[in-house]
2 protein chains.
Amino acid sequence: MPEAKHSSSTGAQLLDRAVILLDLVANGGVNGVTLKDLTAVSGLNTATCHRILNTLVGHKLLARDDKKRCYRLGARMAIYGARAARGPGIISSYDAALTRIRRRTGDTIHLMVRLNHDSVCLDRRDGECVVPTLTGSIGGAVALGVGPGSIAMLAYLDEDEQEFIIRANAERYASYRDLNPDKVRKLIADTRERGYAIDVGELIPGIAGVSVPIFTDGTKASASLGFTLLCAKLTPGALHQYALMLKEEIALVPHG
Amino acid sequence: MPEAKHSSSTGAQLLDRAVILLDLVANGGVNGVTLKDLTAVSGLNTATCHRILNTLVGHKLLARDDKKRCYRLGARMAIYGARAARGPGIISSYDAALTRIRRRTGDTIHLMVRLNHDSVCLDRRDGECVVPTLTGSIGGAVALGVGPGSIAMLAYLDEDEQEFIIRANAERYASYRDLNPDKVRKLIADTRERGYAIDVGELIPGIAGVSVPIFTDGTKASASLGFTLLCAKLTPGALHQYALMLKEEIALVPHG
DNA sequence: CGTCAATTTTTCATAATGTGGAATTTTATG
DNA sequence: CATAAAATTCCACATTATGAAAAATTGACG
């Protein structure tokens with residue numbers, strides 16, 4: 001019943017469960033996740049959980065820290081991840097664009113994608129000045145709804161999907177200053193009107209962001225391209241100029 | 001019949017099969033792999049194969065190129081890979097060492113691990129001069145037995161395991177100049193006597209390598225740390241000095 | 001632009017596989 | 001050292017995955 005809503009293409013329960021566990025381990029903190037945690041959060045039977053984890057460890061998709069008796073991502077994940085990033089796909093498609101934008105502006109820029117209810121950083125180029133970002137680094141995630149990089153995607157989904165995600169993430173918004181479901185709805189409306197998402201120092205004091213959606217199938221956005229920069233560097237109309245540059249670059253990328 | 005020998009911890013056939021398919025896709029060329037290829041190589045039933053692939057695509061561990069009708073690694077893999085590299089594990093453990101060695105020597109250095117019958121590059125630092133390497137980049141693999149980075153590991157496995165791997169890889173050696181099972185056995189013997197593995201221009205003309213095993217559990221090596229450099233830069237005794245430096249650095253890493 | 005072969009996708013009866021309760025062993029705690 | 005908690009193993013059972021075959025889709029060629 002309260003099983004994951006994910007893909008649910010019938011005929012692979014075991015695989016679905018394995019992915020749930022992979023996800024829990026991947027999102028677990030630096031201290032790793034124990035079997036007990038995993039059974040508790042996933043709701044899976046202890047024996048089942050244990051069996052799946054053992055198999056994943058055997059294949060090195062996970063690794064077990066025998067000392068701390070906990071699980072973390074394994075070497076095979078790192079290897080396949082590196083290949084996924086180099087091989088064909090969105091990362092490679094935008095590689096040149098990211099490098100070019102970085103060269104032209106000197107600012108921090110990132111490519112985000114949606115994964116479930118999160119907005120995840122797939123690639124980035126660090127700017128000349130080090131700026132704090134919501135996602136921290138490649139692989140980092142925030143709740144969809146937090147930050148322009150994620151609003152740019154959220155704004156271009158079906159309305160019922162938006163609502164579902166906003167409700168699901170409601171509690172997670174609480175840890176950000178002045179953020180709540182209604183604020184997110186407002187940001188979405190503003191973004192659709194403007195054509196791109198912005199934030200000027202509301203989430204991180206002194207830090208601004210501009211993000212533009214990337215449409216992969218028709219009208220739904222599944223990725224976004226955006227800047228993070230110091231508010232102090234902003235001149236009038238700068239954000240709009242940045243948005244235009246991002247749109248130009250996206251237009252140059254095949255398929256996007 | 002020629003089912004994978006991998007972990008085979010009972011009770012997760014579906015998961016084992018999924019990993020076989022992931023592996024085939026990950027090792028497939030840049031052109032992606034089609035369903036037909038996957039069924040042919042894996043020996044799995046077409047329907048079964050299709051069902052597993054669909055589920056993996058649903059979870060974004062794989063992605064499907066609808067145009068070319070083929071499969072490649074997905075965004076989730078890239079994300080988890082990035083996290084695996086940043087989180088605790090061998091990559092993080094050796095991160096500082098790699099950076100330090102790079103600064104001290106200016107040469108190309110890499111961290112290799114064993115995965116099945118392959119030696120895979122987990123991390124590297126590029127040297128001042130660009131040198132061609134067997135594995136190309138992070139995530140790149142060669143057959144165990146090819147190159148000092150892989151010989152350093154192979155030399156410190158159980159003898160029956162060595163033999164099994166050498167036989168399994170025999171045909172793959174053929175694509176390298178003067179390489180064959182007996183040559184590999186010779187290289188292993190030399191390495192055990194010397195304490196580290198070397199190659200001076202035999203595999204790639206003008207390019208030399210030195211590698212030292214990393215012992216993670218007792219006497220068996222599961223990783224190696226090594227240099228790739230220009231033969232022209234070699235002075236008498238240089239390789240030995242390099243090996244000493246590598247051993248020193250490994251000794252400094254906790255657990256290794 | 002219609003025909004045929006190759007490949008992909010769906011279906012469904014069957015049995016092999018994964019399941020989870022309970023027993024056992026190992027590890028942590030005071 | 002005793003006790004609790006967590007991890008691991010076991011196994012009878014039925015839910016789940018399987019694969020043969022049919023249907024649908026795609027691509028190639030005339």
Side-chain angles (χ1 to χ4, degrees), chain A residues 1-22 24-25 28-29 31-59 61-72 74 217, chain B residues 1-25 28-29 31-72 74 217:
Chain A
M1 337 21 321
E3 195 71 352
K5 265 223 180 113
H6 290 181
S7 68
S8 65
S9 64
T10 46
Q13 187 196 67
L14 176 56
L15 201 40
D16 291 332
R17 289 175 164 187
V19 175
I20 291 174
L21 293 178
L22 283 179
L24 289 174
V25 173
N31 300 317
V33 194
T34 68
L35 174 62
K36 205 198 160 215
D37 297 337
L38 291 169
T39 53
V41 181
S42 69
L44 294 175
N45 177 281
T46 310
T48 304
C49 220
H50 183 260
R51 181 161 23 86
I52 296 173
L53 290 168
N54 250 3
T55 309
L56 291 172
V57 169
H59 290 299
L61 285 170
L62 293 183
R64 193 215 321 264
D65 185 328
D66 287 314
K67 203 159 201 169
K68 296 171 63 191
R69 327 211 97 241
C70 67
Y71 296 88
R72 52 181 171 76
D217 50 329
Chain B
M1 34 153 27
E3 194 73 354
K5 269 237 179 96
H6 291 181
S7 68
S8 65
S9 63
T10 46
Q13 187 195 67
L14 175 57
L15 203 39
D16 290 333
R17 290 175 164 187
V19 175
I20 291 173
L21 293 178
L22 283 178
D23 211 54
L24 289 174
V25 174
N31 301 318
V33 194
T34 69
L35 175 62
K36 205 198 160 214
D37 296 338
L38 290 169
T39 54
V41 181
S42 69
L44 294 175
N45 177 280
T46 309
T48 305
C49 221
H50 183 259
R51 181 159 22 85
I52 296 173
L53 290 168
N54 250 4
T55 308
L56 291 171
V57 169
H59 290 299
K60 302 200 190 192
L61 284 170
L62 294 182
R64 193 216 320 266
D65 185 327
D66 287 313
K67 202 159 201 168
K68 297 171 62 192
R69 329 209 99 243
C70 67
Y71 296 88
R72 53 182 169 77
D217 50 329

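Remember, predicted model here, so these are calculated numbers, not experimental data. A, B, ... follow the sequence lines: proteins, then strands. Residue 1 opens every chain.
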Proximal nucleotide (of C:dT27, D:dT9, C:dT10) relative to the B:Asn54 side chain: C:dT10
Between P on C:dG18 and CZ on A:Arg17, what's the gap in Å once rounded to a whole number? 12 Å
I want to verify a distance call: between D:dT8, C:dG18, C:dG20, whose nearest atom is closest to the B:Gln13 side chain? C:dG18
In terms of side-chain heavy atoms of A:Ala47, which of C:dT9, D:dA7, C:dG20 is nearest? C:dG20
Are any non-hydrogen side-chain atoms of A:Thr34 and A:Lys68 less than 4.5 angstrom apart? no
Just so I know, are the side chains of A:Asp16 and B:His59 near enough to count as touching, which here means a heavy-atom distance under 4.5 Å? yes
Minimum-distance nucleotide to A:Lys36 side chain [options: D:dT9, D:dA6, C:dT11]: D:dA6
When rounded to whole Å, the CG to C1' distance for the pair A:Asn45 and C:dA22 reads 11 Å
Could you give the CZ-to-P distance, from A:Arg51 to D:dC10, as a whole number of Å? 13 Å
Nearest-angstrom distance from the residue atom CD1 of A:Ile52 to C1' of D:dT16: 13 Å
Have a look at B:Leu62 and tell me which of B:Ile52, B:Leu21, B:Leu53 forms a side-chain contact (heavy atoms from CB on, under 4.5 Å) with it. B:Leu53
Output the rounded distance in Å from CG (B:Leu35) to P (D:dT26). 14 Å
In whole Å, what is the span from the CG atom of B:Leu15 to the P atom of C:dA16? 21 Å
Using the side-chain heavy atoms of A:Arg69, tell me which of these nucleotides is nearest: C:dG20, D:dA7, C:dT8. D:dA7
Euclidean distance, atom CG of residue B:Asp16 to atom C1' of D:dT18 [Å, nearest integer]: 16 Å
Could you say whether B:Leu14 or B:Asp66 is positioned toward the 5' end of DNA chain D, judged by the nucleotide with the nearest heavy atom to each? B:Leu14
Spacing between A:His50 atom NE2 and C:dA23 atom C1', to the nearest angstrom: 15 Å
Check A:Ile20, A:Asp37, A:Thr48 against A:Ser42 for a side-chain contact (heavy atoms from CB on, under 4.5 Å) and give me the one that passes. A:Ile20
With side chains defined as the heavy atoms from C-beta onward, is the minimum distance between B:Leu61 and A:Val19 less than 4.5 Å? yes
